[in-house]
Q: 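Structure provided below as structure tokens; questions to follow.
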Amino acid sequence: MVLVPIPAFTDNYIWVWHDNTSAVVVDPGETAGVVAYLNRHQLKLDAILVTHHHGDHTGGVAALQAATGATVYAPSTECPDLNAVRVTQGSHIPLLGTPCQVLHVPGHTAGHVAYVLTPPATPPVLFCGDTLFSAGCGRLFEGTPQQMLASLQALAQLPPDTLVCCTHEYTLGNIRFALAVEPGNVALQNRQAQCLALRAAQEPTLPSTLALEWQINPFLRVMEPAVRAAATTWRNSQLTQTGQLTSNELSDVEVLAALREWKNQF
Ligand code: ZN
Ligand code: FE
């Protein structure tokens with residue numbers, strides 16, 4: 001099987017997964033790059049997966065569906081205008097003969113779903129939309145820190161060799177923030193060097209793996225003492241500025257909330 005990120009807009013990736021005959025495409029916000037790729041490799045588009053309703057993920061869906069007759073899969077509570085098979089937590093859909101499992105991962109949007117290709121696809125492949133990024137996570141537009149933490153923890157439980165296919169090239173910016181949180185994290189320093197080289201060569205930094213994200217992603221590391229300490233220090237500096245009392249013990253959710261707010265201002 002072939003897994004390819006097609007660049008779109010300024011920093012999106014539209015993932016194409018294919019067996020040299022049939023293809024699946026994820027979050028096609030626009031059509032041009034996808035159509036060119038399908039034509040060049042003489043692929044028939046079987047399915048279109050949609051993770052959430054934002055335009056940079058859905059803008060090309062209807063046109064691609066009309067042109068190819070592909071089956072569209074979309075979250076049960078989003079994108080009502082799409083002519084789609086509706087999926088939610090626990091849905092199983094067959095893709096090119098491979099089982100695909102759907103997870104409901106609210107936080108970035110309320111109905112956001114992720115798609116996981118499981119064996120015989122080895123290693124497993126995760127299409128996580130705007131929920132999990134390499135060294136980061138999506139903004140909380142429609143969900144709470146509690147929901148995002150639960151969503152990220154559900155994704156983090158997938159096998160360590162899972163390929164993490166994010167929909168944006170945000171890695172270097174995320175790493176800069178992650179290093180502010182954990183300046184002494186050697187795996188993070190190594191990942192930064194690797195990604196700087198990849199981007200200098202105009203290569204994608206993705207897919208990542210879950211094993212790597214466990215080591216470098218502060219939003220998956222809210223239980224790490226260094227991450228908790230940095231989040232607590234940042235939170236207390238915010239509280240002091242507004243004349244409020246500081247606290248020394250943040251819960252996991254409060255650590256994630258602090259990291260997300262800190263990143264928004266970073
Ligand atoms: Zn989005
Ligand atoms: Fe997006």
Side-chain angles (χ1 to χ4, degrees), residues 3-6 8-9 12-18 22-35 37-38 43-118 121 124-133 137-143 147-148 150-152 154-155 158 162-168 206-207:
L3 184 62
V4 190
I6 299 195
F9 307 112
N12 282 68
Y13 289 127
I14 300 169
W15 289 91
V16 177
W17 182 69
H18 70 85
S22 302
V24 174
V25 70
V26 185
D27 285 350
E30 61 183 6
T31 59
V34 175
V35 169
Y37 185 89
L38 295 175
L43 299 168
K44 175 185 168 294
L45 189 61
D46 250 40
I48 300 169
L49 309 182
V50 177
T51 63
H52 69 290
H53 67 82
H54 289 156
D56 62 316
H57 300 248
T58 58
V61 172
L64 272 179
Q65 180 182 33
T68 63
T71 304
V72 177
Y73 297 91
S76 55
T77 56
E78 295 191 358
C79 319
D81 295 344
L82 291 179
N83 172 17
V85 175
R86 298 295 159 175
V87 295
T88 185
Q89 176 71 30
S91 297
H92 286 270
I93 57 179
L95 294 174
L96 312 185
T98 292
C100 175
Q101 185 197 343
V102 179
L103 301 173
H104 179 216
V105 285
H108 179 68
T109 67
H112 199 301
V113 297
Y115 298 87
V116 188
L117 302 170
T118 50
V125 179
L126 167 65
F127 297 113
C128 47
D130 285 354
T131 297
L132 174 63
F133 294 121
C137 76
R139 285 174 183 262
L140 300 177
F141 288 124
E142 299 173 9
Q147 286 176 315
M148 183 54 102
S151 295
L152 292 174
L155 298 180
L158 294 167
T162 301
L163 297 175
V164 179
C165 301
C166 320
T167 39
H168 289 276
L206 304 168

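In this text, all values refer to a predicted model and were calculated from it rather than measured experimentally. Throughout, numbering of the chain's residues begins at 1 and tracks the sequence.
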Q: Do the side chain of Thr162 and the main chain of Pro124 share a donor and acceptor less than 3.5 angstrom apart?
A: no

Q: Drop me the distance from Leu49's CG to Leu117's CG, to the nearest 0.5 angstrom.
A: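 Reported to 0.5 Å precision, the distance equals 8.0 Å.
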
Q: Looking at Ala23 and Leu45, what are the two nearest heavy atoms and their distance?
A: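 Shortest heavy-atom contact: O-CD1, 3.5 Å.
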
Q: Kindly compute the distance separating NE2 (His112) from OG1 (Thr131), expressed to the nearest 0.5 Å.
A: 3.5 Å

Q: Going through the checks in order, is the side-chain contact (heavy atoms from CB on, under 4.5 Å) test met by Leu3 and Cys165?
A: CA-CA 9 Å; Leu3 184 62; Cys165 301; 3.7 Å; yes

Q: Please list, chain by chain and in numerical order, all residues satisfying side chain to side chain donor-acceptor pair (under 3.5 Å) with Thr51, sequence neighbours excluded.
A: Asp27

Q: Show the nearest heavy-atom pair for residues Thr31 and Gly60, with the distance to one decimal.
A: CG2-O, 3.5 Å

Q: In Å and rounded to the nearest 0.5 Å, what is the CG to OG distance from Leu95 to Ser22?
A: 11.0 Å

Q: Listed by chain and number, what are the side-chain contact (heavy atoms from CB on, under 4.5 Å) partners of Asn12, not counting sequence neighbours?
A: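 side-chain contact (heavy atoms from CB on, under 4.5 Å) list for Asn12, sorted by chain: Ala8, Phe9, Asp56, His57, His168.
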
Q: Do Cys128 and Val105 touch side chain to side chain, with heavy atoms closer than 4.5 Å?
A: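 Heavy-atom side-chain distance check fails, nothing below 4.5 Å.
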
Q: Roughly how far apart are Trp17 CH2 and Leu163 CG, rounded to 0.5 Å?
A: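 One finds 11.5 Å between CH2 of Trp17 and CG of Leu163.
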
Q: Tell me every residue that passes ring-ring contact (aromatic ring centres under 6.0 Å, His included) with Phe141, counting only those two or more places apart in sequence or in another chain.
A: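 ring-ring contact (aromatic ring centres under 6.0 Å, His included) check on Phe141 returns His54, His108.
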
Q: Within this structure, what is the NE2-CG distance for the pair His18 and Leu96, rounded to the nearest 0.5 Å?
A: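 One gets 10.0 Å once the value is rounded to the nearest 0.5 Å.
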
Q: Does one side chain, of His52 or Glu142, offer a donor that lies under 3.5 Å from an acceptor on the other?
A: no

Q: Using every non-hydrogen atom in the two residues, find where Cys137 and Leu152 come nearest and quote the distance to one decimal.
A: CB-CD1, 4.0 Å

Q: About how many Å separate CG of Asp81 and OG1 of Thr58, when rounded to the nearest 0.5 Å?
A: 9.5 Å

Q: Could you work out, with side-chain contact (heavy atoms from CB on, under 4.5 Å) as the rule, every residue matching Leu140, not counting sequence neighbours?
A: Pro145, Met148, Arg260

Q: Could you tell me which residues satisfy side chain to side chain donor-acceptor pair (under 3.5 Å) with Thr167, sequence neighbours excluded, listed by chain and number?
A: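 For Thr167, the residues satisfying side chain to side chain donor-acceptor pair (under 3.5 Å) (neighbours in sequence not counted) are Asp130.
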
Q: Got a list of side-chain donor-acceptor pairs under 3.5 Å for residues 61-76, not counting sequence neighbours?
A:
residue: Gln65; atom: NE2; partner: Asn83; partner atom: O; Å: 2.8
residue: Thr68; atom: OG1; partner: Leu64; partner atom: O; Å: 2.6
residue: Thr68; atom: OG1; partner: Ala70; partner atom: N; Å: 3.2

Q: Sequence neighbours left out, what passes side chain to side chain donor-acceptor pair (under 3.5 Å) with Tyr13? Give chain and number order.
A: Glu169

Q: So, does Tyr115 use its side chain to make a donor-acceptor pair with the main chain of Val125 at under 3.5 Å?
A: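 No: the side chain of Tyr115 does not pair with the backbone of Val125.
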
Q: So which heavy atom on His53 is nearest to which on Thr109, and how close?
A: NE2-CG2, 3.8 Å

Q: Tell me whether Ser91 contacts the main-chain N or O of Val102 through its side chain, where contact means a donor paired with an acceptor under 3.5 Å.
A: no

Q: With sequence neighbours left out, what residues match Gln89 under side-chain contact (heavy atoms from CB on, under 4.5 Å)?
A: Leu103, His104

Q: Can you name the side chain to side chain donor-acceptor pair (under 3.5 Å) partners of Gln147, sequence neighbours left out?
A: none

Q: Does Trp15 reach the main-chain N or O of Cys166 with its side chain, forming a donor-acceptor pair under 3.5 Å?
A: yes

